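From a predicted model like this one, the values you see are computed outputs, not experimental measurements. Lettering follows sequence order; numbering is per chain, from 1.
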Amino acid sequence: MNGKSHHGQPAHAYLPAIGFRRVSRFYKPEKAALFDVSFDVLPGEFVYISGSSGAGKSTALRLMYGAEGPDTGAVLFGGHDLRNLHPTAVALLRRRLGVVFQDYRLVPELTAAQNIALPLEVDGVRHAEISVRVEEMLEAVGLPGIGKELASSLSGGEQQRVAIARALVRHPEILLADEPTGNLDVYNANFVLDLLEEKAAAGTTVVLATHDRMLMAARPHRVMAFERGRLLGANHSQAEAIAAPCVPRAG
Amino acid sequence: MLWTKINHITRRAGRGFLRRPALYLVSVFTLAAAFLSFAATVTAAANLDHLLSRWLGSAEITVYLSNDVIQERMGLLASAVSDISGVAAVKTRTGREAREDLALGLGDQGDMARTLPETAFPASLDISLTQAAARDQKLRNELAQRLRRLDMVSSVETYDDWFERLSALTLVSRMAAWGLGLVALAVAILVVAAVIRTGVASRAKEIEVLRLVGATERYVRLPFLLEGILQGLIAMSLALLSLRGLTSYVEGVTGQVLPLLGSGALVRLPAIACLVLLLGSCFAGFIGALVSVGALRRA
Ligand SMILES: Nc1ncnc2c1ncn2[C@@H]1O[C@H](COP(=O)(O)OP(=O)(O)OP(=O)(O)O)[C@@H](O)[C@H]1O
Ligand SMILES: [Mg+2]
């Protein structure tokens with residue numbers, strides 16, 4: 001690349017882990033879920049995506065793991081534009097990710113352990129090693145010994161922690177977490193956030209979507225504040241983000 | 001790594017099987033029934049074919065002699081006939097011998113035949129033909145004509161109409177085998193496709209998650225294809241085992257008749273045919289699964 005990228009933004013000396021370039025996403029023509037959003041997430045960074053309900057946080061994450069594509073603009077993942085990639089290449093990129101979905105997406109008819117094992121099976125990890133790593137992860141999220149329970153029989157908070165375990169079990173380069181503490185009590189929320197910060201300190205890029213100002217205040221990291229699909233400023237300090245008025249959701 | 005992948009894919013296929021065993025059993029037995037009717041027809045055709053070729057191989061012309069022919073002249077006639085080209089061997093049979101043959105054939109009721117007068121059984125020459133002559137209908141007819149012109153001869157039986165009937169039956173059974181083969185193939189594909197379709201539907205969530213954690217389409221689809229192949233394979237194995245039992249049973253029931261038909265035991269499907277059938281059943285299961293998995297929407 002020369003001095004400027006073809007999107008008209010200064011090229012960085014490093015490749016962003018994730019880059020949005022003037023991304024818009026319209027589910028309905030008159031209302032943008034995301035509008036003209038550009039930002040970079042740097043490798044090893046811990047960033048919040050904040051905003052009130054309906055601001056576009058989950059949409060931004062879905063674009064990051066390629067569940068859907070932008071209507072305009074480009075989403076870059078490790079320097080690759082997802083749109084230009086063959087589905088198999090997208091699948092391979094997803095193996096570098098761990099995703100905690102807002103609705104967990106556990107497979108209800110599989111056990112907790114089988115759910116957590118899915119990414120490792122996709123990665124082709126040996127079965128003996130899988131059981132060890134799954135049990136380690138269950139312990140790390142504070143659920144030792146529940147591996148044999150069916151996912152559908154777990155409480156909401158337990159399901160959320162199984163989802164976190166599944167996202168972390170392959171030691172991903174990038175962790176995308178959508179309200180990962182939404183269903184947890186303060187004690188367990190802190191337990192999980194400690195774990196995520198530990199991962200970030202070890203080099204994992206963490207993108208955490210939340211509307212929880214208390215959380216962001218307690219654990220300061222860069223905040224990308226969204227409001228009705230627009231990014232207010234990618235380089236907010238957490239102080240500015242917290243000070244920003246809470247915009248009621250339109251409509 | 002490859003082995004590990006195969007292991008995971010097999011486990012996933014097994015999980016599908018264990019989750020809905022009843023459905024899979026129904027599918028496997030339906031397929032097995034279709035395969036069995038096909039394989040049984042193939043076996044029947046093979047047996048008719050075998051019978052036909054044995055008849056061809058031992059093809060005979062029986063020359064019935066007039067009652068007044070004496071033993072000496074029979075011998076002369078036999079040696080003269082054996083010089084004719086196309087004739088492999090000639091056996092003479094007196095009226096007494098013919099009566100004894102029948103008596104032996106009747107078994108327990110044999111004594112009844114022995115009370116009949118010897119003269120009720122005409123003496124005959126049993127002429128076996130060479131392979132070439134046996135398969136050449138024109139040559140056989142010419143030979144029969146020549147024999148009929150001899151003045152000691154009362155009639156000549158070439159068994160042509162029997163031969164034609166058996167040929168026709170063999171043809172019909174072969175066509176039936178082909179037809180049933182196509183039906184079995186269609187049944188297998190449709191049944192497997194239906195079962196796999198419900199499997200895909202009931203595992204929609206798992207498929208979605210697999211894609212989200214980076215599974216390739218191949219990884220998502222392979223277990224279903226494997227399930228389809230296994231259904232076909234298990235069903236055909238069942239069908240072939242049942243056919244073995246069925247063949248032995250038929251042999252037991254018809255044990256008395258088979259030797260009279262000139263064949264000691266029923267022909268069983270050779271190993272190579274069984275292998276082809278097993279491969280065919282895998283293919284049918286694969287295609288059935290492919291139909292359903294092909295409908296899987298890409299993520
Ligand atoms: N699949 C969809 N079809 C139609 N509209 C959608 C869809 N997904 C999201 N939206 C709309 O896009 C907007 C942003 O939704 P999004 O889920 O990204 O919000 P969010 O910031 O994650 O909210 P929350 O905090 O409630 O999870 C909302 O107005 C929502 O109604
Ligand atoms: Mg959301």
ask   = Can you list every ring pair (Phe, Tyr, Trp, His ring centres under 6.0 Å) pair that touches residues 87-111 of chain A, not counting sequence neighbours?
value = A/Tyr65-A/Phe101
remark   = So, the part of A/Leu106 with a heavy atom under 4.5 Å from chain B: the answer is backbone
ask   = Checking heavy atoms, do the side chain of A/Asp123, its backbone, both or neither come under 4.5 Å from chain B?
value = backbone
ask   = Going by residue number, which parts of residues 15-22 of chain B are within reach of chain A, meaning a heavy-atom gap below 4.5 Å?
value = B/Arg15, B/Arg19
note = Value for OG1 (B/Thr4) from CG (A/Leu120), rounded to nearest 0.5 Å, stands at 12.0 Å
query = NZ of B/Lys205 to CD of A/Glu109: how many Å apart, nearest 0.5 Å?
reply = 9.5 Å
request  = For A/Phe26, look at atom CZ and say whether over 12 heavy atoms of other residues, nucleotides or ligands are found less than 6.0 Å away.
outcome  = yes
Partner chain B: residue of [options] with the largest heavy-atom pair count (under 4.5 Å):
options	answer
A/Leu118, A/Leu92, A/Leu110	A/Leu110
A/Arg166, A/Arg126, A/His127, A/Gln114	A/His127
A/Val125, A/Val99, A/Val90, A/Thr88	A/Val125

Smallest separation among heavy atoms of B/Leu212 and A/Ala67, with atom names = CD2-CB, 4.4 Å
query = What's the shortest heavy-atom distance between B/Ala215 and A/Ala91, and which atoms?
reply = O-CB, 3.8 Å
Polar side-chain atom of [X] near backbone of [Y] as donor-acceptor pair, under 3.5 Å:
X	Y	value
A/Arg95	B/Gly214	yes
A/Arg94	B/Arg211	yes
A/Arg170	B/Val213	yes

